[in-house]
Structures are given as C-alpha cells and as structure tokens.
Amino acid sequence: MARMSVSTPRSETAEAPHRAGFACFVGRPNAGKSTLTNALVGRKVAITSNRPQTTRHSVRGIVHRPDAQLILVDTPGLHKPRTLLGERLNDVVRTTWAEVDVIGFCLPADQKIGPGDRFIAKELAGIKKTPKVAVVTKTDLVDSKTLAEQLLAIDALGRELGLEWAEIVPVSAADAQDAADAQDAADGGTPAGAPTPATRPGDDATSPERDARGAGQVSLLADLLVPLLPESPPLYPEGDLTDEPEQVMVAELIREAALEGVRDELPHSIAVVVEEMLPRPDRPADRPLVDIHANVYIERPSQKGIVIGPKGSRLKEVGTKSRKHIEALLGTPVFLDLHVKVAKDWQRDPRQLRKLGF
C-alpha cells in the first residue's frame, strides 16, 4: 500500500543538502490545481474559478524555504479536446510532465474517481522514472468517512494500474488560500513561510483554526515534495514568487474577473490581451499611476452583450474586481481601460491562436 501522510511532517536535519527543482500539478479540469499552487506560494500567481479549464498555460510559482526551492508548475487540466485550443493545452500538459522532477496528481475529495481521472492515471503510469504524489484536494468539503474512502480508492487505483504513489496526501488548500488572499489584500502578499504542524482533516474548527489547519496541510505537502527534488542551489533569486511576465499576470487577473457569473458556454470563448501597460508620465513620485489598456476577446458578436452587460455594468464590475488584484500585484494605483472585441472562432483558428498567445 502507498504511504498516506496525514499528520506529522518529516523531521529536518541541519546537515540536509539544499534541494531545488520542479513539481507540476496535474488533474482533470477544476480539480483544485491553481488553488493549491497559490496556497503553497502564499500569493495569487494562478487564477482560479469554479469553471473548468481556467488555466491555459503553464504558470510557475516559487516556494522559498531554508532547505529548498520548490518551483510549482500549474498546468491546464488534461481533457478530451474539442478545439485546436484544447489540443494545444493538452500538449502543454504532456510537455511539462517530461520536464519536471515530481508530479502531483490532484483528485478532489468530494468527487468519486471518474473516467477523466483514470485516463490521466493511465498516462502517468507510463512515466516510470518521475515520482508521483497523489494529492487529495478539497478535503474541507467532505467528512472524515468520505475522505478515508477516497484515500483507499486512490491507493487501489494505483495498484490496479501499476502506478506507484510516492505519497498520498490530503489537503485543504482553499482555507490556506483564504488566508493568503487576505494577506495579499493587506500588503501585496508574502512568500510561503516555514512549515507548521498539520492537523487531522475533518475536525470541526472556527474560521481562524480552519486557516491554520489548511496552512498546516499545505506545508506538510511541501515537506513531502522537497525530498523528491534533486540536490541543487536555488534556481531563482530570493523573493521571486513567479517567472510570469507582469503583463501576462495582469491579463489573467482580468480574465478571472470576466469568468465570474457568465454562462456555461462563454468561459472558453474569453481571452484577454494587455495591449499596453506604462507608467503615466509627469506623475509625482509619491503618486504614481500605471495606465493599462487591455482587450477582452470573445468569439461571436452575440457574446458581446453578455460580457459588457446592461449599460456597461458587467464590464465595469470586471474592471473594478480585477483592478484591486492588479494593484496588489504591481504595488501601485492603476487606471484600467477595457474594450471588448470579437475574434471570430478564435479557439479553432491557428492564426487567431497565435495572435492571442497560444
């Protein structure tokens, strides 16, 4: 049976060599990969949504520890593609698998193992040399009995497919990210800190206790990933939390806000491109302002009204929500200018995909 880790982190020794390397989180769409990445980093570096297939490219988040540097690669969800965009997203996932030191397979605790999970597990079983960790996400949504059943089902899946789990780890990343989001709003975010003791999932707790529990479980996951990395000096400077260009992160924050509350078919039709991002000239040094001009692309003229809303109300709401996160990211006030444009059937058009960065 695979090792299941639910309580005490491994002990550290002063003589332990420094390790650094790459870990990627995979899973079907909406399995909690981006939430987990943000919780480990301690800052929003990947957008999240209850809509599937939110992530569209590999996002790297960097966790700094005294003993290690863990670079997390958040990939799109592996799925059966229906468009050229879907095929390219799957290519991103498989390319990432070949380049990382450890793979974390995210399986939600609140959903039974399904065909999509089995498809990914079979693919992972064919990768022999890279260690795999089963990460049971969204444990805050289930009771202890359901969690135990899911842990046993994941262990059985590995034995059935000849997939050896290095660890099986339950986490509640949402509670930990809530605390990180509050910190982000307060001071622009801080890197993930030292590990804290994990507690048993499923215990009743007040909100602060849930945050501490989630952070403990996330820290335990980091403790278990680090020994699977190669010995290496740090690969990124201290303090870097992502290698994403700021314009890409700004575009993703706008898209995250645009995804909220739209119809089921629309999220996959939305893309965002930041056309210009420059400090406004002639501003006093103590009152800087960054001008950002961005286009929100949809596929059909009929979708334009959905994104803009009555008298521009939805687009204004998108701007207000995204500007708050953009200002936290950049550490400066922002003027955000948004326009909605049609790029006809861009998900299926190679030329349009290149224009939109895919």
Side-chain angles (χ1 to χ4, degrees), residues 1-9 23 25-40 46 48-55 72 74 77-79 103-121 124 132-161 163 165-182 195-225:
M1 179 178 284
R3 173 178 173 140
M4 297 189 188
S5 302
V6 294
S7 54
T8 307
F25 293 128
V26 302
R28 54 187 163 88
N30 209 22
K33 301 179 294 296
S34 297
T35 300
L36 184 57
T37 297
N38 292 337
L40 278 159
T48 59
S49 171
N50 59 3
R51 305 288 181 177
Q53 293 170 240
T54 301
T55 304
L72 304 167
D74 177 32
L78 194 66
H79 62 289
I103 297 172
F105 182 18
C106 294
L107 299 110
D110 63 329
Q111 302 171 37
K112 291 185 181 296
I113 294 172
D117 300 312
R118 296 183 68 84
F119 169 71
I120 297 170
L124 291 178
K132 297 99 182 167
V133 173
V135 184
V136 187
T137 59
K138 307 186 181 184
T139 59
D140 53 303
L141 302 181
V142 300
D143 57 27
S144 56
K145 180 177 181 292
T146 303
L147 176 58
E149 291 171 351
Q150 186 74 326
L151 292 170
L152 292 171
I154 292 169
D155 182 63
L157 176 67
R159 285 186 279 111
E160 175 190 339
L161 299 179
L163 177 55
W165 303 119
E167 304 279 356
I168 301 177
V169 192
V171 297
S172 173
D175 290 335
Q177 189 182 341
D178 286 345
D181 285 347
T196 56
T199 58
R200 256 197 344 248
D203 292 343
D204 292 331
T206 61
S207 181
E209 289 168 338
R210 278 202 312 272
D211 289 346
R213 181 182 67 201
Q217 292 172 349
V218 168
S219 292
L220 172 59
L221 175 60
D223 289 342
L224 299 171
L225 292 174

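The residues of the chain are indexed from 1 along the displayed sequence.
T35 and N38 share no donor-acceptor pair across their side chains, judged by distance under 3.5 Å alone.
Proximity of I154 to F105: side-chain heavy atoms (C-beta onward) are nowhere separated by under 4.5 Å. Taking the side chain as every heavy atom from C-beta outward, V136 and I168 approach each other to under 4.5 Å.
Taken to the nearest 0.5 Å, the CG atom of L147 stands 12.0 Å off from the NZ atom of K145. Going from atom CG of D140 over to atom NZ of K138 covers 9.5 Å, rounded to the nearest 0.5 Å. Rounding to the nearest 0.5 Å gives a distance of 12.5 Å between CG of L152 and CG of L157.
Residues V171 and Q217 come closest through the heavy atom pair C-OE1, 3.4 Å. Between P170 and T139, the shortest heavy-atom contact is CB-CG2, 3.8 Å. Minimum interatomic distance between V135 and G104 (heavy atoms only, all atoms of both residues): CG2-CA, 4.3 Å. Heavy atoms only, all atoms of each residue included: A166 and V133 are closest at CB-CG2, 4.3 Å. For the pair L72 and F25, the tightest heavy-atom approach, listed with the atom from each and the gap, is CD2-CE1, 3.9 Å.
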List the atom pairs, donor and acceptor, that lie under 3.5 Å between side-chain atoms in residues 106-116 and the rest of the protein, sequence neighbours left out.
residue : atom : partner : partner atom : Å
Q111    : OE1  : R28     : NH1          : 2.8
Q111    : OE1  : R28     : NH2          : 3.1

